Number of protein chains: 2
Amino acid sequence: MKTLDIATVSKRSGLPASALRYYEEKGLIASVGRQGLRRQFAADVLQRLNLIALGRAAGFSLDDIARMFGPDGRPAIDRERLSAKADEVDRTIVRLTALRDTLRHAAACPASDHLACPSFQRLMRQVEGTR
Amino acid sequence: MKTLDIATVSKRSGLPASALRYYEEKGLIASVGRQGLRRQFAADVLQRLNLIALGRAAGFSLDDIARMFGPDGRPAIDRERLSAKADEVDRTIVRLTALRDTLRHAAACPASDHLACPSFQRLMRQVEGTR
DNA sequence: GGGTGGCCTCAAGTCGGCTTGAGTTCGGAG
DNA sequence: CTCCGAACTCAAGCCGACTTGAGGCCACCC
């Protein structure tokens, strides 16, 4: 099995080597050995890093993510938590949508003081309402 | 003009008093005086705090937000930046939508190993694609 | 075979946004 | 009047996710 040098993994994943070492320390990824001093990784580490990036984007902490990989190293993902997270992300989307509309309005509205603009106020309340 | 005690502002805004003091120190809000030791705020501070929360939700840092209030204290919002931020939020929404779909799939898909599931992989690439 | 650049370890530092703790001062109730 | 609880100040601490720095080792290129 061809292994990847840390520099290669860094280049392909876009993560600095220091972050990869940090992830290894946290148990998120594992190196398969060394060549001299240099860590070597199995090729599937790249997919794992994608998965980690996915989790991060979903708002999971690195510790959360570490717990999602079973001790065997395979993803042992709790479906309920995923579902809950999907709902949470969904709420975030609703919120951000209201927010985006508010920002667009503020950018376009000619009123000098947004605080005085009724539609700005309405939009702001809408953002509030989604909390 | 009726002024609000810091405790009242804290209660109504949901922010701890320490955060309000911190915001004041950063120049995000201003107290109008003291009653004994206690800060008093003008009533419109609540709206200002809403605005600040809005900015935070949009991903602005407190420093960014501070710069958006002119030295006169009125919002002196740069329309271009708002527009740019709206676009950014929009991209985030697209990204989160793909993410939510991926999470939902992972929660529902019976495959034991998501990495092997073609539709999971497709969804993951979609999330990647929005970066 | 000797540079040199990139990897190594370990500890410490950074950043944003607050929170916490110690020690102090009051406003308002009893 | 006397207390209590809450606000005050100032400095320090915390959290997550890394980055940076110092001091060493080594593979590879000429």
Side-chain angles (χ1 to χ4, degrees), chain A residues 2-42 45-46 48-69 81 85 88 92 131, chain B residues 2-42 45-46 48-69 81 85 88 92 131:
Chain A
K2 203 172 70 182
T3 66
L4 307 175
D5 178 281
I6 189 172
T8 311
V9 175
S10 169
K11 211 159 295 169
R12 296 226 207 137
S13 68
L15 294 167
S18 62
L20 296 175
R21 280 191 287 269
Y22 180 70
Y23 283 4
E24 184 180 19
E25 196 185 19
K26 286 234 136 188
L28 287 164
I29 56 177
S31 56
V32 294
R34 302 286 176 113
Q35 179 162 23
L37 284 185
R38 293 157 196 220
R39 284 166 179 77
Q40 299 294 121
F41 292 95
V45 77
L46 289 171
R48 186 132 170 166
L49 287 170
N50 276 338
L51 219 42
I52 292 169
L54 183 62
R56 298 264 305 118
F60 289 107
S61 72
L62 293 183
D63 285 351
D64 283 343
I65 295 170
R67 277 191 291 276
M68 288 183 185
F69 295 108
R81 284 185 51 177
K85 207 65 182 187
E88 198 183 310
T92 304
R131 262 212 298 254
Chain B
K2 203 171 70 181
T3 65
L4 306 175
D5 177 282
I6 190 172
T8 312
V9 175
S10 170
K11 211 159 294 170
R12 295 226 209 138
S13 68
L15 293 167
S18 62
L20 296 174
R21 281 192 287 269
Y22 180 68
Y23 282 4
E24 184 180 17
E25 196 186 17
K26 285 233 136 190
L28 287 163
I29 57 177
S31 55
V32 293
R34 301 286 177 112
Q35 178 163 25
L37 284 183
R38 292 156 199 219
R39 283 164 179 80
Q40 300 294 121
F41 293 94
V45 76
L46 289 171
R48 187 132 171 165
L49 288 170
N50 276 339
L51 220 43
I52 292 169
L54 184 61
R56 297 267 303 120
F60 289 109
S61 71
L62 293 183
D63 285 349
D64 284 342
I65 295 169
R67 276 191 292 274
M68 287 183 184
F69 295 107
R81 284 184 51 175
K85 206 65 183 188
E88 197 183 311
T92 305
R131 265 211 296 253

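Since we're looking at a predicted model, the values are computed, not measured. These numbers come from the heavy atoms of this one structure, side chains and all, not from hydrogens, waters or symmetry mates.
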*Asks:* Please list every donor-acceptor pair under 3.5 Å in which a side-chain atom of residues 52-62 of chain A meets a protein atom from a residue at least two apart or in another chain.
*Replies:*
residue: A:Ser61; atom: OG; partner: A:Asp63; partner atom: N; Å: 3.4
residue: A:Ser61; atom: OG; partner: A:Asp64; partner atom: N; Å: 3.1
residue: A:Ser61; atom: OG; partner: A:Asp64; partner atom: OD2; Å: 3.4

*Asks:* Distance check, rounded to the nearest 0.5 Å: B:Gln35 atom CD versus B:Ile6 atom CD1?
*Replies:*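 CD1 of B:Ile6 is found 13.0 Å from CD of B:Gln35.
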*Asks:* Strictly under 4.0 angstrom, non-hydrogen atoms only: write out the protein contact profile of nucleotides 16-21 of chain C, one letter per nucleotide from the 5' end, B, S or -.
*Replies:* -BBSB-
*Asks:* How close do A:Leu4 and A:Ala42 get, heavy atom to heavy atom, and via which atoms?
*Replies:* CD1-O, 4.4 Å
*Asks:* Rounding to a whole Å, what distance do you find between A:Ile29:CD1 and D:dC18:P?
*Replies:* 11 Å
*Asks:* Please state how far atom CD1 in A:Ile52 lies from atom C1' in D:dG16, giving the value in whole angstrom units.
*Replies:*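 The distance from CD1 of A:Ile52 to C1' of D:dG16 comes to 16 Å, rounded to the nearest Å.
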*Asks:* In whole Å, what is the span from the CD atom of A:Glu24 to the P atom of D:dA17?
*Replies:*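 The distance from CD of A:Glu24 to P of D:dA17 comes to 18 Å, rounded to the nearest Å.
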*Asks:* Can you build the contact string for nucleotides 21-30 of chain D? Use B for base contact, S for sugar-phosphate-only contact, and - for no protein heavy atom under 4.0 Å.
*Replies:* ---B-SS---
*Asks:* Provide, to the nearest angstrom, the distance between the CG atom belonging to B:Asp5 and the P atom belonging to D:dG5.
*Replies:* 18 Å
*Asks:* Expressed as a whole number of angstroms, how long is the span from B:Arg34:CZ to C:dT25:P?
*Replies:* 15 Å
*Asks:* Run the salt-bridge test on A:Glu24 and A:Arg21 with the 4.0 Å N-O cut-off and return the result as yes or no.
*Replies:* no
*Asks:* Under 4.0 Å: is that the gap between some side-chain N or O of B:Arg39 and OP1 or OP2 of D:dA6?
*Replies:*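 No, no such contact exists.
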*Asks:* To the nearest 0.5 Å, what is the distance between CZ (B:Arg12) and CG (B:Leu49)?
*Replies:* 12.0 Å
*Asks:* Measure from CD on A:Glu25 to P on C:dC10 and round the result to the nearest Å.
*Replies:*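 Between P of C:dC10 and CD of A:Glu25: 9 Å.
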*Asks:* With a 6.0 Å cut-off (strictly less than), is the heavy-atom count around CD of B:Glu88, excluding the residue itself, greater than 12?
*Replies:*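 Yes.
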*Asks:* Before you tell me yes or no, could you show the steps for B:Ile29 and B:Val9 under side-chain contact (heavy atoms from CB on, under 4.5 Å), namely the whole-Å CA-CA distance, both residues' side-chain angles and the distance that decides it to 0.1 Å?
*Replies:* CA-CA 12 Å; B:Ile29 57 177; B:Val9 175; over 6 Å; no
*Asks:* Could you tell me if B:Arg48 sits above the aromatic ring of B:Phe69, with its cationic atom closer than 6.0 Å to the ring centre and no more than 45 degrees from the axis?
*Replies:* yes
